[in-house]
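Shown next, in C-alpha cells, is the structure this report addresses.
Residue numbering restarts at 1 for every chain, and letters A, B, ... go by the order of the sequence lines. Just the heavy atoms: all of them, side chains too, but no hydrogens, waters or symmetry mates, feed the values below.
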2 protein chains.
Amino acid sequence: MKQVAALAGVGAKTVSRVINDEPRVAPETAARVWDAIRALDYHVDMRAGSLRRAGGRTLTLGLLVSSVDNPFAGEVHRGVEDVARARGVAVLAVSLHEDPVREKSAVEDFIRRRLDGIILSTTSTDVSYLSTTLIRGMPMVFIDRRPLGLSVDAVTSDNREAAALATRSLIARGHRRIAFLGERSTIRTSAERHQGFLDAFGEAGVPTGEATVIFGLSSAREAQEALGALLDSDQPPTAVFGGQNLITVGALHALHSRGMQHRIALIGFDDLELADLLDPGVTVIRQDPRKLGRVAAERMFSRLDGGVLAPEHIIVPTEFIERGSGEILAPR
Amino acid sequence: MKQVAALAGVGAKTVSRVINDEPRVAPETAARVWDAIRALDYHVDMRAGSLRRAGGRTLTLGLLVSSVDNPFAGEVHRGVEDVARARGVAVLAVSLHEDPVREKSAVEDFIRRRLDGIILSTTSTDVSYLSTTLIRGMPMVFIDRRPLGLSVDAVTSDNREAAALATRSLIARGHRRIAFLGERSTIRTSAERHQGFLDAFGEAGVPTGEATVIFGLSSAREAQEALGALLDSDQPPTAVFGGQNLITVGALHALHSRGMQHRIALIGFDDLELADLLDPGVTVIRQDPRKLGRVAAERMFSRLDGGVLAPEHIIVPTEFIERGSGEILAPR
DNA sequence: GTGAAAGCGCTAACAT
DNA sequence: ATGTTAGCGCTTTCAC
C-alpha cells in the first residue's frame, strides 16, 4: 500500500479511501491511485483491515456439519453460501463426524479466527461450553439440531411430527413389527424422530412391544448390517423406518440384496437421489436442507446487522413423498 | 493479551511464548499464564499473529469447486479437508457454478485474505489471469481439470482413456448410434471425455456419423430433456454416454420415464449412490474424488513445506464398473 | 480533499 | 528465563 501511495504520489490514507470508495476523493486523484494499483497488481490485506477496523468483521461465517461429503450437509452448505455470497461473506465449513471433541476444538478455532458468526449442527449433548462463546459476542445459529439447555436461535425441520406421520401410515397399513433404525440417541434429531415414532403407536393405541429400535448407526454399512441381522432373524420386521439418509441407503442395500424390497415396507427420513427410480420407489420424508441453510444464514445476518432479537426456533416444514416402498401392506 | 499478561504478572511476550509453547519458559510462569488465560477466557487473535509472523501463514486453503452441493465436489472437499485438518489448516470452499467471472473474483478474494494456497477446479478456458497470482507466490494446485497454457500442478483422472474404454465396450456390443451427453465443451474434462469417445470410434475403424454429440448440459434437468428429445425422435440412440454425474442422473430419468432402461445401453462417468440398486444396475466409470482431493492437498503441502518442485500432472486411475446398463446389446 | 500520527493484537529481534 | 521496542498493513482520528 505504501508503494501504491508512493507511485500515485499520495498518502497511504488516500489509497485506503479509494479502495473502500469513501467520499471526498478528487476523481483525478482516484484515477491515479487506480492506475498505481493496477500497475503494481496490488490487493488489500483483509487481515490488517479487519484488525484495525471498528467492529473487526472478517467477512467469514463458520459452518459446522456432520461431514462435507454428506449430501444433506452439502445442501445446507449451499443454502448458507448462497445467502452469504450475496453479502460478500465467505463460509468456512468444518466436518465434525459426530465427534464432540472436534466440535469444541472447531469452535475454538473459529474464535481464534474471529469469524463473524457460527452456524452449527451440534453433535454434543452438552453445549454449555458454548455459553461463554455467546458471551464473547459471537452470534450462533443452530441448524438441523436444536441444543438442549441453551436458549438460542435454531432452524430445524419438524422432526417429531414428520416421523409420527410416517409411522402412522405404516401402522394404518397393518404393520406392527416395525424396525426403527437411528443414529446415536444422543443426537437430537435422532431422539425426536424416535419420539415421533413412539407417538404414532401411542395415538393408535398400539403397544410398541413388537417394534424394534436400533440406535447408534453411523454409516450406511452399519445400517445395512444391522437391518440384515434383523431380516435374517426368526421374527423379521414387516416395515422399516430409516432415521436418516445414510441409514436409508444401508437399509435399501439390505432389502435389495435379499430380494425383499417388495415385501417389506420402507420409509426413509431425507430424500435420496434416484429414490424415485428404484423399484419400488422409496417413500421418504423430504427435508429441505438448502432452505434450512438459507434461513439460518438470514437469521445470522439479522443478528449481525444489529438486530437485538430474542432467540427463536424456526421450523422448516417437511414433505411426505409416497413412492411405493412405504405403501406396502403388512402380510396378514 | 495485555490483560492476561497483567493478571499473570508477566510481559506480553511471555504470554505469546506460552501460547505458542516456545521453549525457555519457567514451568511455574507458564502455569500462572495458563491460569490467567483460563480466568479471562482468552483466545489468541490469529489475524494479528499471521500479520506479524514471518511467512504470514493464515492456516487456510482455498478450494474452488463447481458447487458445494455436488456430490463429486463434496467428496473432493472431504479429501482436502482430511489432509488439511491433520495440519491444523482450514478449508474455505467456494462454489463457482461454472462461471468464469465468479472464478476470477473468488481468486481475488483469496488473495485479499492471504490464503496459504488455492486448490481449484477451473471453469475458465483462459487461466492466464492466474499467472500473476502465481508470481505473487500463492501456490496453486489444479484438481479434476487441467488448465491449458499454464505449467502447473494438476491432479486429475485419466478422463480420455476411461471414456475410450467405456465407448469401446459399447461399440463392441454393436452400438453405433451412441449419444454423448456432455457439459460445455470448453470444460476440459468434458472435452477430454469427448476425445476419448472419438478415439474409440477411430480405433475400431467405425465412422462417427451415427453418433450424436450434445454439449452444454449443465443440470440433470437439461440432460433429461436433451436425451428425451433424442429418444422421442425418428432415430433414437441405442446407447448413451453420460458425461458426468448430474448428466447421468438426468439420462436415467429420461430412460426410466419412457420404460426404455432395459433396451437402451447407458454408461455414466462418475459413480452414483444407489446406482447398483437400480434395474438394470448402472454401469459407470468410477472416479475417486476423495483421493483427488487428498492427493491435491498433499501436493499443496509439499509446496508449502518449501519443496521447489517442477509442475507435475498426477493421474488418479478410474475404475470401470459394469452393472448391467452398459452391457445391453444393440438391437440387430 | 488530503495527510500525519497513533494503534488494532500480535510476534521478531534484540536486549537483559 | 523474561522484558522492551519496533513493526506487520491497514484504518481511525484529527489536523490542515
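Taking the side chain of A/N20 as heavy atoms from C-beta on, and the options D/dT11, D/dA1, C/dT2, the nearest nucleotide is D/dT11. The side chain of A/R52 approaches C/dG7 more closely than any other nucleotide in the set C/dG7, C/dG9, C/dG1. In this structure, of C/dC10, C/dG3, C/dG1, it is C/dC10 that holds the atom nearest to the side chain of B/V44. The side chain of B/V25 has D/dT2 as its nearest neighbour among C/dA12, C/dC10, D/dT2. Candidate nucleotides C/dC8, D/dG9, C/dT2 were compared by shortest atom distance to the side chain of B/L51, and D/dG9 ranks first. Among the nucleotides C/dA12, D/dT11, C/dT2, the one closest to any side-chain atom of B/K13 is C/dA12.
Residues of residues 28-43 of chain B that place a heavy atom closer than 4.0 Å to DNA chain D, in numerical order, are B/T29.
By the 4.0 Å N-to-carboxylate-O rule, A/E98 lies close enough to A/R145 to be salt-bridged with it.
Note on the helix from C/dG1-D/dC16 to C/dT16-D/dA1: angle between the axes of the first and last five pairs equals 30°, rounded to 10 degrees.
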- Item | Verdict with reasoning, A/S50 to A/R114, per side chain to side chain donor-acceptor pair (under 3.5 Å) | CA-CA 10 Å; A/S50 95; A/R114 299 294 189 269; over 6 Å; no
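Taking all atoms of both residues into account, the shortest heavy-atom contact from B/A30 to B/V18 is CA-CG2, 4.0 Å.
In this structure, B/T14 does not reach the D/dT2 phosphate: none of its side-chain N or O atoms is under 4.0 Å from OP1 or OP2.
For the pair B/D45 CG and C/dT11 P, the computed distance is 10 Å after rounding to whole Å.
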